[in-house]
There are 2 protein chains.
Amino acid sequence: MEVYNISTIKDVAKYTGLSIATISKYINGGNVLDENKKIIQEAIEALDYKRNEMARGLKTNKTMTIGVLLPSLENIFFTSIVSIIEGILQEKGYGTIICDFKEDKELEHTKLEFLINKHVDGIIMVSYSGEKKHIQSLIDKKIPVILLDRMIRGLDCDIVIADNLNASYQAVEELIMRKHKRIGIICGPENTYTADERRKGYIRVHEDYNVEIDEELIKNADYTVVSGYKALIDLWNMDKRPSAVLVTNYEMTIGAIMAINDLNITIPNQLSLIGFDNIQMARIVRPPLSIVEQPMKEIGETAANLMLKRLSDDYSDFPSTYRLKTKVHIKESVSTNI
Amino acid sequence: MEVYNISTIKDVAKYTGLSIATISKYINGGNVLDENKKIIQEAIEALDYKRNEMARGLKTNKTMTIGVLLPSLENIFFTSIVSIIEGILQEKGYGTIICDFKEDKELEHTKLEFLINKHVDGIIMVSYSGEKKHIQSLIDKKIPVILLDRMIRGLDCDIVIADNLNASYQAVEELIMRKHKRIGIICGPENTYTADERRKGYIRVHEDYNVEIDEELIKNADYTVVSGYKALIDLWNMDKRPSAVLVTNYEMTIGAIMAINDLNITIPNQLSLIGFDNIQMARIVRPPLSIVEQPMKEIGETAANLMLKRLSDDYSDFPSTYRLKTKVHIKESVSTNI
DNA sequence: TTGTAAGCGTTATCAG
DNA sequence: CTGATAACGCTTACAA
């Protein structure tokens, strides 16, 4: 059995005795006599004809590939999403060119240009730079762009994100309901969309429950393991320690746990802890870690289907914002405060 | 500034007053008068000309994209490798179409066909099915294929793998040197290359050190979390328990740790443990977990560079096998046996 | 319904 | 060294 095939429309035409144009019409769902349809189908199978996307693309200006641009391929949050996206798009015949920009804003731009040069039909991306200019120029040219995870303000663009604000709201709410009054939060960098939202949720739930906020309990770290480690130590060294801490991304959660181990803090007796993102990790630490889980599967599905919609030139609801719900899993790492 | 550009060679020709053929020659490094070179370069920059890979591909039968086919995008071992590969190939102008086959052998075939239909210039893949047929037909057609992680016996193909045999050899050696005599191993499925190799390493080191092997201590699981969980429980329930266990992949390591937590086993007093693959995980469990680390970065670099070599039609050392060294990190999860 | 033919942007051959 | 020109495989008016 031959897998790799090089027969062309021309071959199919010869085989059937019909013209190239007729074959092309058949392939693209045009009107062809039922009789001929059968013959053509037979020929296609016999010759194992596959249309050459390159030649097609030259005419139609479509490459049948979607660019996916991510901050990192070593982050399970992003790769889970991209796995879903790839699966859905592939079913519709689209390939996905995946690039990661190693969390480097310069590289983000370079890779975006690379994708554009590759003439991808659409781009799904997580932007760290928040550069409106380039993205806008794509949208203007009707190249569909779908933003993931982070919003870019002042840009009319389709976007699929988690409900970051309510994610931290609900996590902290669980703590408040368990009588915690001094709750620490380890946030991402200021002026970063996800971090700002998660910070807002923390503040809002305090207001809603009339719990006083101590600004000292809000630590701005930078989403790295090291920063999470330091932030937890800072919180622990406060004169008036928190009785619970929410860490707002995966890397910082790792760091926080390392700090807790080094400081020999007993969870949850001395400190209650809620982490973020990686459910698997939550199962191996002891006691089991409470986690805010983002809906990776849904995010991927929504983004892929929205892309497909735009690709079929349906802009009826443009620009759309999908803000998907997160889920808080409370485990033994959280105790009721005495 | 325009990012998306549609000027063609024709435009450059008009701009410079030269012919299309001359421009093309310049672009492809042919002989052109120095004087004209300058003019052309100027025009290219002024018009921000980028060559259309689709049109080029139609002529040259090259797409400047490499297909990467993986069992899963949710496995940090694979995504780390692919991240490296993508970076290197991208620098040389190659895009990478990444597919995952969700550890499903049927899908593996489907996705491979998909990549072939996309006319990728080369394929880097991890095969679970071990299907020689399709891969051989690619090689016959001079489509470079590079296998990762798993060998396919009886197939002359470039391959980049970790030294699985010595990985487990060295891990068990560390245990033997610490006076462990009854060492359990949780292996992957039989007839799976990596699993078989790791099993062999276990056996060979026992032989080399003259330690008797109890077949009961060799558990064949299937690389999943659940199977790792069960295998550890089985080992623990033996009449003559092992004093140490080596778990031979990431997922099963997770499972083993969960079992250890559920059984309330004290590490390393009651049991010494060595896991596999994920260094980050090792840092958050308590006590810190000893780990066999595979050289992901090297694997990715080697594979990408070998692909580049084949792409430039250098088959001087075909077929090459790169067997890269792993590293054992011994931490507190391993004790010296009394 | 079917066929003819032009053209998408390149590269490659062959004269000049 | 440079320039016409014919492919590459496909889509798409337009004509039959």
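Computed from a prediction, not measured in an experiment: that's the story for all the values here. Numbers restart at 1 for each chain; the letters A, B, ... are given by sequence-line order, proteins then strands. We use all heavy atoms of the structure for the numbers below, so side chains are in, but hydrogens, waters and symmetry mates are not.
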Given B:Y322 and B:E298, is the side-chain contact (heavy atoms from CB on, under 4.5 Å) satisfied, shown in steps?
CA-CA 10 Å; B:Y322 291 85; B:E298 262 185 278; over 6 Å; no
First and last nt of DNA chain D near chain A, cut-off under 4.0 Å to heavy atoms, 5' to 3', are D:dG9 to D:dT12
For the residue pair A:K309 and A:F318, would you count it as a cation-pi contact if the rule is NZ or CZ under 6.0 angstrom from the ring centre and within 45 degrees of the ring axis?
no
What distance separates B:L89 CG from B:D121 CG, expressed to the nearest 0.5 Å?
10.5 Å
Quiz question: by atom type and distance under 3.5 Å, do the side chains of B:Q90 and B:T96 form a donor-acceptor pair?
no
More than 12 heavy atoms of other groups within 6.0 Å of B:K38 NZ:
no
Are there any protein N/O atoms within less than 3.5 Å of an N/O atom in nucleotides 7-11 of chain C, and if so, which ones and at what distance?
unit_1	atom_1	unit_2	atom_2	d
C:dG7	N2	A:K59	NZ	3.1
C:dG7	N3	A:K59	NZ	3.4
C:dG9	N2	B:A55	O	3.3
C:dT10	OP1	B:Y49	OH	2.7
C:dT10	OP1	B:N52	N	3.4
C:dT10	OP2	B:I9	N	2.8
C:dT11	OP1	B:N28	OD1	3.4
C:dT11	OP1	B:N28	ND2	3.4
C:dT11	OP1	B:R56	NE	2.9
C:dT11	OP2	B:S24	OG	2.8
C:dT11	OP2	B:N28	ND2	3.3
C:dT11	O2	B:K59	NZ	3.3

Evaluate side-chain contact (heavy atoms from CB on, under 4.5 Å) for A:F78 paired with A:L148, printing each intermediate quantity in order.
CA-CA 9 Å; A:F78 295 128; A:L148 292 182; over 6 Å; no
B:D314 and B:S312: side-chain donor and acceptor closer than 3.5 Å?
no
For A:S83, is there any backbone N or O sitting under 3.5 Å from a side-chain donor or acceptor partner on B:D100?
no
Heavy-atom side-chain contact between B:L147 and B:I135 under 4.5 Å:
yes
Evaluate the ring planes of B:H109 and B:H134, with Trp represented by its six-membered ring, and classify them as parallel (under 30°), tilted (30 to 60°) or perpendicular (over 60°).
parallel
Bend of the helix from C:dT1-D:dA16 to C:dG16-D:dC1 from end-axis comparison, five pairs per end, nearest 10°, comes to 40°
